[in-house]
J.: 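Dropping a structure here in structure tokens format, bear with me for questions.
Letters A, B, ... mirror the listed sequences (proteins, then strands); counts begin at 1.
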Amino acid sequence: MAKEMSRELTRQQYLDLYYYMRLNRAVEENMVKLFRQNKIVGGLYSSLGQEAISVGTCYALEKKDWIAPMIRNIGALLVKGVPPRDIFMQHMAKYDSPTKGRDGTSHFGDLDNLHIVSPISMLGDLIPVMTGIAIGARYLGQKVVAMTWIGDGGSSTGVFHEGLNFAATQKAPFVLILENNLWAYSTPVRRQVPLENLADRAKAYGIDSYIVDGNNVVAVYNTAREAVERASAGEGPILIEAKTFRRLGHAQHDPAEYVPKEMRAYWEARDPIALYEKFLTAEKLLDAAGKKEIDKKLDTLLTAEREFAENSPLPPPEFAEGGIYCTGDDCHKIRAKWERPIAEVTPPKSSVTPVWTVPGFGSGKGSGGAAAPIHFGDAPAAMEKPSENGRPAKTATKGTPKKAKAMSASASRKTRR
Amino acid sequence: MAGRNGTATIGAATGGAQITFLEAIRQAMFEEMERDPTVLLMGEDVGVYGGAFKTSEGLLERFGWERVIDTPISESAIIGAACGMSYVGLRPICEMQFIDFIVCAFNQITNFVAKGHYLWNAPAPIVIRGPSGGGVHGGPFHSANPEMYFVHTPGLKVIYPSTPYDAKGLLKAAVRDNNPVLFFEHKFLYRRIKGEVPADDYTVPIGKAEVRREGKHLTILSYAAMMHTSLEAADALAQEGIEAEVIDLRTLLPLDEETILNSVKNTNKCLVVHEDTKTGGIAGEIAAILFEKAFQDLDGPLVRVTALDTPVPYAPTLEEYFLPNAKKVFAAAKELARY
Ligand SMILES: Cc1ncc(C[n+]2csc(CCOP(=O)(O)OP(=O)(O)O)c2C)c(N)n1
Ligand SMILES: [Mg+2]
């Protein structure tokens, strides 16, 4: 394996990465069983072969940091501390699930403790939302990083662009993981994006990017850790393209016959867990006994978690009603956790001079209050009397735009060019 | 014109400060930001320029760059980011430069923001506001009344005020509400309407209609600019001995069914006036409510006076034809009163 594998991690960290990848895979294997038993209500997605990405990136975060997982990021949820039973119950639409059956899959979050934002199905929507968390938390003085994931296909949405561009203009402490698994449902990446490296998209936003082997968990972790540290230090958002492959179909229903056999074979030989086991064994971090121990631990844990999930009831029908609005006491309490002096952001300290300073040029000027021209809707002189069309008589015109002023403003802009 | 509670006024001075509709909105934001440091403003050109309509004039100077954020032209990013900010305890106000552009963020609003509380107990206390409506020759892309796209979306609240008093009080209530609130500002009213607002802090409750004029012959329901049109028609109707009760809906979602039903049970006739296009407008929903809950009380058909089912046309002659006006309201009301 590549040299990144030998970068300094503690023994515990190496073993954590292994454990979480194994847990990720085992949880999903359990769900396939549940799916075949018709116990999963909707669709089931898989991250088989992509576990190193969810686990390695999320492991680079601290507890206070924020994530928003996509459907193939069960591993990130597990690293963040979500118990497997919650994931089982979400898929089974159980009343004890985090959304009590109102949504499924990885669509749940935890604002108060784990700092997880629930995704929605619309690809890309999380990017501006996580940008907002990054900016908002920074405003409150918190030192946190926001992270989310997007697919090769999802990187073509408009909101991907809007979100990343906004994050870049704000230098938001935000890390975006682009999982290039070569397929978006049945469409190969070349038909989605005319780029060899999707990381190149970062250039359009003036931000930094990395490309990493998404099947090498230590490389993924190290890259993510560096990105998180840089974003946290104020260097702005960072994009990481993790190259990988979607080993199963888009979801359980899809046999993915459109994937060339050689392509599948190539990637099956690069299973991230198998590769990592080889490395751990060579480094004497894992032996047969250690592996067996983990097998047993996972088996015991997931049997119990599954049992709990299976025993949970479906929600009572009438639970469909209500809950549309927050009435103040039926949901988490909305409050800001200030970690900076509030005086910094309140007047008079927050007061500024309202001009753009453009190096080498004169400064702009704020406009003239109640008499300032507005875009539309200033009442022209003719509207002083009650109008023909039955609109109310104007009661509040404060003079029309000063032509000269407007013209001199645009003239000065011209000279500046 | 005093409202039933004696506070909302249109035009007439009764002692308090007389301010424009536009100034009411500016004051509401200013005062809310002054009161609560978790309140921020985001939008296109809201900072240095003070907004295309000057509703945020002076806010940057007072509150600084971190709280008055000039954004890129990215409506989805604005709404998405506001949603994220609300998750860490902030209460952002998002300005759509023209409300027409709100549909660029339709997905973020209807799927992300609106569904959050129902699905995962994550309310988004954000306000999305901007100039709406026609009558100023803004053309098909600067005159929209897109309120009904959102009235059809559970989880949102939708406000469309008609007076400076309500605009200020409802905007303050919107900022303090734990839920996403859409706040439409009819740009025709910005500088044409002046009204009295109290010097002290106050809010106007969301979800409550207001009886603007009492009457026994028929009920006219309206909101925003058409509220004034309806009042003007009501004056003309009074000349002919027809006393119209005129109700300002103010909030479209949740709708104040109680006030509507109480009035119609008295007058037995209902006319709805809105500047929105006819098909799918709030009048249709009100008709359904009356059929369900006041069928026995109705002595005539529910009548709608609305804009045409077309985009808002640009030429003054076309736009005037397109929009409802006092004459049309007067004629329809007179017809209805005959039942
Ligand atoms: C905006 C949007 N359009 C369409 C879909 C339907 N859809 C769900 S997943 C998917 C393919 C996504 O491909 P990619 O982003 O590469 O992620 P992957 O499935 O490979 O992890 C599509 C088209 C969607 N969820 N959102
Ligand atoms: Mg893909």
J.: Do Asn107(B) and Asp125(A) have a side chain donor and acceptor closer than 3.5 Å?
T.: yes
J.: Under a 3.5 Å distance rule, please check whether Tyr325(A) uses its side chain to pair with a backbone N or O of Leu156(B) as donor and acceptor.
T.: yes
J.: What's the shortest heavy-atom distance between Gly136(A) and Val88(B), and which atoms?
T.: C-CG2, 3.8 Å
J.: Taking Glu162(A) for the side chain and Ser76(B) for the main chain, is one N or O donor matched with an acceptor at less than 3.5 Å?
T.: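 Yes; judged by distance alone, with no hydrogens or angles, the pair exists.
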J.: Taking atom OH of Tyr314(B) as the centre, report whether more than 12 heavy atoms of other residues, nucleotides or ligands fall under 6.0 Å from it.
T.: no
J.: So His375(A) and Phe98(B), would you call those rings parallel, tilted or perpendicular, with 30° and 60° as cut-offs?
T.: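 Rings of His375(A) and Phe98(B): perpendicular, as their planes differ by over 60°.
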J.: Distance from Asp177(B) atom CG to Cys326(A) atom SG, nearest 0.5 Å?
T.: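 Between Asp177(B) CG and Cys326(A) SG, I get 8.0 Å after rounding to 0.5 Å.
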J.: Please determine if Arg67(B) forms a cation-pi arrangement with Tyr139(A), meaning its NZ or CZ atom is less than 6.0 Å from the six-membered ring centre and no more than 45° off the ring axis.
T.: no
J.: So which part of Phe174(A) gets closer than 4.5 Å to some heavy atom of chain B, the side chain, the backbone, both or neither?
T.: neither
J.: Inspect the surroundings of CD1 in Ile73(B) and state if more than 12 heavy atoms from other residues, nucleotides or ligands are less than 6.0 Å away.
T.: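 No, because the 6.0 Å sphere around CD1 of Ile73(B) holds 12 heavy atoms or fewer from other groups.
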J.: Count the heavy atoms of every other residue, nucleotide or ligand shown that sit under 6.0 Å from NZ of Lys349(A), and state whether that count exceeds 12.
T.: no
J.: Which region of Pro254(B), side chain (C-beta onward) or backbone (N, CA, C, O), has a non-hydrogen atom less than 4.5 Å from a non-hydrogen atom of chain A, or is it both or neither?
T.: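 Both parts, backbone and side chain.
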J.: Using a 6.0 Å cut-off, check whether atom OH of Tyr321(B) has over 12 heavy atoms from anything other than its own residue.
T.: no
J.: Below 4.5 Å from any heavy atom of chain A, which atoms of Ile79(B) appear? Answer side chain, backbone, both or neither.
T.: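 Neither; nothing under 4.5 Å.
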J.: Do the side chains of Ile374(A) and Lys187(B) get nearer than 4.5 Å, heavy atoms only?
T.: no
J.: Do any of residues 105-115 of chain A have a heavy atom less than 4.5 Å from a heavy atom of chain B, and if so, which, in residue order?
T.: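 Near chain B, by residue number: Gly109(A), Asp110(A), Leu111(A).
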J.: What's the spacing between Ser350(A) OG and Met33(B) CE if we round to 0.5 Å?
T.: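 Between Ser350(A) OG and Met33(B) CE, I get 8.0 Å after rounding to 0.5 Å.
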J.: Nearest 0.5 Å, please: how far is CG in Asn111(B) from CE in Met122(A)?
T.: 4.0 Å
J.: Are the side chain of Arg335(A) and the backbone N or O of Gly89(B) linked by a donor-acceptor pair below 3.5 Å?
T.: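 Checked: no pair found.
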J.: Give the minimum heavy-atom separation between Tyr87(B) and Trp66(A), together with the two atoms involved.
T.: O-CH2, 3.9 Å
J.: Could you look at Ala320(A) and say if it's the side chain, the backbone, both or neither that has a heavy atom under 4.5 Å from chain B?
T.: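 Both backbone and side chain.
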J.: Would you indicate whether Glu321(A), at its atom CD, is surrounded by more than 12 heavy atoms from other residues, nucleotides or ligands within a distance under 6.0 Å?
T.: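 Result for CD/Glu321(A): open.
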J.: Please classify the contact of Pro125(B) with chain A as side chain, backbone, both or neither, using a heavy-atom distance under 4.5 Å.
T.: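 Interface part for Pro125(B): side chain.
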J.: What distance separates Ile120(A) CD1 from Thr110(B) OG1, expressed to the nearest 0.5 Å?
T.: 8.0 Å
J.: Heavy-atom pairs under 4.5 Å with chain B - which of Asp103(A), Val117(A), Ile342(A) has more of them than the others?
T.: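 That would be Val117(A).
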J.: For the CH2 atom of Trp120(B) and the NZ atom of Lys100(A), what is their distance to the nearest 0.5 Å?
T.: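 So the CH2 of Trp120(B) and the NZ of Lys100(A) are separated by 14.0 Å.
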J.: Count the heavy-atom pairs under 4.5 Å between each of Gly64(B), Pro154(B), Ser74(B), Cys83(B) and chain A, then report the option with the highest count.
T.: Ser74(B)
J.: Using non-hydrogen atoms only, which part of Glu23(B) is less than 4.5 Å away from chain A: side chain, backbone, both, or neither?
T.: neither
J.: Between Ser118(A) and Phe112(B), which heavy-atom pair has the shortest distance, and what is it?
T.: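 The answer is O-CZ, 3.6 Å.
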J.: Within the 4.5 Å heavy-atom criterion, are Ile133(A) and Met85(B) side-chain neighbours or not?
T.: no
J.: Where is the tightest heavy-atom contact between Leu90(B) and Leu140(A), given as atom of each residue plus distance?
T.: CD2-CD2, 3.7 Å
J.: Is there side-chain contact between Val159(A) and Gln108(B), with heavy atoms separated by less than 4.5 Å?
T.: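 Yes, close enough: below the 4.5 Å cut-off.
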J.: Pick whichever of Lys115(B), Lys157(B), Arg26(B), Glu34(B) has the most heavy-atom pairs under 4.5 Å with chain A.
T.: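 If we count pairs closer than 4.5 Å to chain A, Lys157(B) comes out on top.
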J.: Where is the tightest heavy-atom contact between Arg62(B) and Ser351(A), given as atom of each residue plus distance?
T.: O-OG, 3.4 Å
J.: Using non-hydrogen atoms only, which part of Gln97(B) is less than 4.5 Å away from chain A: side chain, backbone, both, or neither?
T.: neither
J.: So which atom in Gln170(A) and which in Ile69(B) form the shortest heavy-atom distance, rounded to 0.1 Å?
T.: NE2-CG2, 3.3 Å
J.: Show your reasoning for whether side-chain contact (heavy atoms from CB on, under 4.5 Å) applies to Thr99(A) and Tyr118(B).
T.: CA-CA 9 Å; Thr99(A) 63; Tyr118(B) 181 80; over 6 Å; no
J.: Side chain, backbone, both or neither: which part of Ala122(B) has an atom under 4.5 Å from a heavy atom of chain A?
T.: both
J.: Which region of Thr353(A), side chain (C-beta onward) or backbone (N, CA, C, O), has a non-hydrogen atom less than 4.5 Å from a non-hydrogen atom of chain B, or is it both or neither?
T.: backbone
